[in-house]
Amino acid sequence: MKQNTQTAVIVIPTYNEAGNIGKMIDYLNETTFPYIEKKNEGLTADWVMKILVVDANSPDGTGKIVQEKSKKYSNTYLLTETTKDGLGAAYFKGFKYAMKELAADFVFEFDADFQHPPETLPSMLKAMEDGYDYVIGSRKIKGGEEPEGRDFMRMLMTEAGGFVARFILFFPFKHFWDVTDPTTGLKVTRVKGFIDQMSFDFDRLYSRKFGYKVQLLLETLNMGAKFKEVPLKFKNRSAGESKFESDTTTEILLSCFKSRWFDPFIQKFLKFGIVGGFGFVVNTLGAKIFKNIFITPESNLSLLNGLCNAAAAELAIISNFIWNNLWTFSKEKIDPSKLLPKFLTFNLSSVITGIIIPSTVIAILTSLFGDQLFLYQIIAIFGLTIPLNWFVYNKIIWKK
Ligand code: GDD
Ligand code: MN
């Protein structure tokens, strides 16, 4: 039979977890790992389980305890930070180390304080064996739960924060329903194709603290990870204090917002909007300028207006084409040899999406509902021209 050995590294960031970390390392090594080794819960692979504690140089001696344990268990490692640097930064350091030094195939995000029951790990490994790339522990799905006696404010923060986070991260509802717990701290990610494709440059973190998790969540999903949620029975902290600060919720929501704002898709759409808006200015202003230049006392005004608008519209089309090519779709920039045919296609499609279709619809609306030109124009521009252009640009003109 083919041997199937996989290495999973459980990354555990710690700050002042002296009351928990020793017990946690013992529990994982004495109870959880042997259970996994016996291939319980339908596991089939030979799992090599490792623990990597990333300690923020805790003053309470957490690091010392881990060091002692690493003498006892050869699969247990300690990475010491110079100072408390935030949860996100700790995971970045841990992932890099797990990949480079510990030959990780999978990396877990895991808390030291027993709020994440180690009993959840086998089912997450099973999902990885089944081909998932990203498995998330959720408190919100069937079988998951919040600890008893949670204080009302924290509960409200989780509920409202989770909802708003999902709304910002996933609008218009992509993954809104299938990611139920966006701020959960329990996850496992496949290294190949995902963790090994990420940059672990700290500067790119919108938040070095708890907010990192929504950023990584969105990035991993955008990389096309096949993901699933498993129920997480979130417990009360077994000892010590939470590092959740009063500004943590704001910080997470800000990270959601930034993750979305700097998302390549949104950036592209914003640029497309700006270029389109500029085109509109070129069109209206251009027509005025042409008119001022060419008008004489003998001018046929209707012919002049028509011609001036046509010339200015063409200028706007040229402007749109140039700026979209250089800026919006800079990554899909058209090969110089194809510039002319693409420009002609662009021109034709602009006439269709910008004049023929909206004008026809405006005419039909007028005959159906009466004379409301301005309203119909707004409907036509936002409901037809903009979405149609977006579609044509992406699927035809700048298709990669
Ligand atoms: N190295 C390092 N540096 N570790 C840290 C830091 C830091 O700056 N901040 C926190 N940790 C460690 C803690 O010692 C603990 O092991 C783990 O990260 C989680 O921190 P907690 O303080 O226990 O967080 P929490 O219980 O309030 O929050 C949990 O639930 C949230 C969802 O409500 C965590 O699982 C969060 O990740 C999760 O978002
Ligand atoms: Mn905790």
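Atoms within each ligand, like the ligands themselves, are counted from 1 in listed order. For this chain, numbers begin at 1 and follow the sequence in order. Just so it is clear, the structure is predicted and the values come from calculations on it, not from any experiment.
- The shell of residues lying under 4.0 angstrom from ligand 1, judged by heavy atoms, includes Arg237.
- Of the heavy atoms in Lys243, both backbone and side-chain atoms come closer than 4.0 Å to ligand 1.
- Protein heavy atom at the shortest distance from atom 15 (C) of ligand 1 is Glu17 OE2, 3.3 Å.
- Just one of Glu146, Glu145, Glu159 meets the salt bridge (Lys or Arg N to Asp or Glu O under 4.0 Å) condition when paired with Lys140; it is Glu159.
- The aromatic ring centres of Trp47 and Phe106 sit less than 6.0 Å apart.
- Regarding atom 28 (O) of ligand 1, its nearest protein heavy-atom neighbour is Arg154 NH2, 3.5 Å.
- Glu109 does not count as a contact of ligand 1, since none of its heavy atoms falls under 4.0 Å from the ligand.
- Heavy atoms of Ala90 found under 4.0 angstrom from ligand 1 belong exclusively to the side chain.
- Residues in residues 98-122 take part in these salt bridge (Lys or Arg N to Asp or Glu O under 4.0 Å) pairs, two or more places apart or across chains: Asp113-Arg237.
- With 2.8 Å as the limit, Ser242 does not count as an N, O or S neighbour of the Mn ion (ligand 2).
- In this comparison of Gly86, Gly94, Pro147, Gly162, the heavy atom closest to atom 8 (O) of ligand 1 sits on Gly86.
- Comment: Asp130 does not engage Lys228 in a salt bridge, judged by the lack of any side-chain N to carboxylate O separation of less than 4.0 angstrom.
- Proximity to Thr183 (heavy-atom distance under 4.0 Å) selects the following atoms of ligand 1: 32 (C), 38 (C), 39 (O).
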Report task. Any chance you could lay out the side-chain hydrogen bond (donor to acceptor under 3.5 Å, both in side chains) test for Gln215 and Ser259, step after step, and finish with the verdict? Result -> CA-CA 6 Å; Gln215 184 180 354; Ser259 300; 5.2 Å; no
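- Close approach of ligand 1 to Arg139 (heavy-atom distance below 4.0 Å) involves ligand atoms 32 (C), 33 (O).
- Residue contacts with ligand 1 for Arg208 are absent, since no atom lies close enough (heavy atoms, distance under 4.0 Å).
- For the Mn ion (ligand 2), the N/O/S atoms of Asp113 include one lying under 2.8 Å.
- Nearest to atom 16 (O) of ligand 1 among the protein's heavy atoms is Pro13 O, 2.8 Å.
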Requested in this report: Begin from the C-alpha positions of Thr366 and Gln372 and carry the test side-chain hydrogen bond (donor to acceptor under 3.5 Å, both in side chains) through to its verdict.
Outcome: CA-CA 7 Å; Thr366 307; Gln372 294 270 7; over 6 Å; no
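- Applying the 4.0 Å criterion to heavy atoms of Lys84 picks out, from ligand 1, the atoms 8 (O).
- Against a heavy-atom cut-off of under 4.0 Å, Val54 is close to the following atoms of ligand 1: 1 (N).
- Counting non-hydrogen atoms of other residues, nucleotides and ligands closer than 6.0 Å to CD of Glu241 gives a total of 12 or fewer.
- Taking all atoms of both residues into account, the shortest heavy-atom contact from Asn29 to Pro34 is O-CD, 3.3 Å.
- Listed by chain and number, the residues in a side-chain hydrogen bond (donor to acceptor under 3.5 Å, both in side chains) with Asp201 amount to none (sequence neighbours excluded).
- Remark: minimum distance from atom 27 (O) of ligand 1 to any protein heavy atom is reached at Ser242 OG, 2.6 Å.
- With respect to Lys342 and Asp335, no salt bridge is recorded, no charged nitrogen being found less than 4.0 Å from a carboxylate O.
- Within a 6.0 Å radius of CH2 in Trp327, more than 12 heavy atoms belonging to other residues, nucleotides or ligands are found.
- Selection from Phe110, Phe210, Phe114 by nearest heavy atom to atom 20 (O) of ligand 1 gives Phe210.
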Report task. Decide yes or no on ring-ring contact (aromatic ring centres under 6.0 Å, His included) for Phe194 and Tyr134, but give the supporting numbers first. Result -> CA-CA 9 Å; Phe194 299 93; Tyr134 194 38; 8.1 Å; no
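- Atom numbering of ligand 1 starts at 1 in the shown order; those under 4.0 Å from a heavy atom of Phe234 are 29 (C), 30 (O).
- Close approach of ligand 1 to His116 (heavy-atom distance below 4.0 Å) involves ligand atoms 35 (O).
- Taking the six-membered ring where the residue is Trp, the centroids of Tyr393 and Phe346 are separated by under 6.0 Å.
- Scanning both residues, Met128 and Asp133, for their nearest heavy atoms gives CE-O, 3.3 Å.
- Taking any N or O of Thr184, backbone or side chain, none lies under 3.5 Å from an N or O belonging to ligand 1.
- Here the side chains of Phe227 and Asp178 are in contact, with some heavy-atom distance below 4.5 Å.
- Residue-ligand proximity, Thr14 to ligand 1, at heavy-atom distances under 4.0 Å covers atoms 1 (N), 2 (C), 4 (N), 14 (O).
- Protein heavy atom closest to atom 11 (N) of ligand 1, with residue, atom name and distance, is Leu87 CD1, 3.6 Å.
- Closest to atom 37 (O) of ligand 1, if we only count protein heavy atoms, is Lys213 NZ, 2.6 Å.
- Of all atoms in ligand 1, numbered sequentially from 1 with element shown, those under 4.0 Å from a heavy atom of Ala112 are 16 (O).
- Shortest contact from atom 26 (O) of ligand 1 to any protein heavy atom: Gln115 OE1, 2.6 Å.
- Shortest contact from atom 29 (C) of ligand 1 to any protein heavy atom: Asp111 OD2, 3.7 Å.
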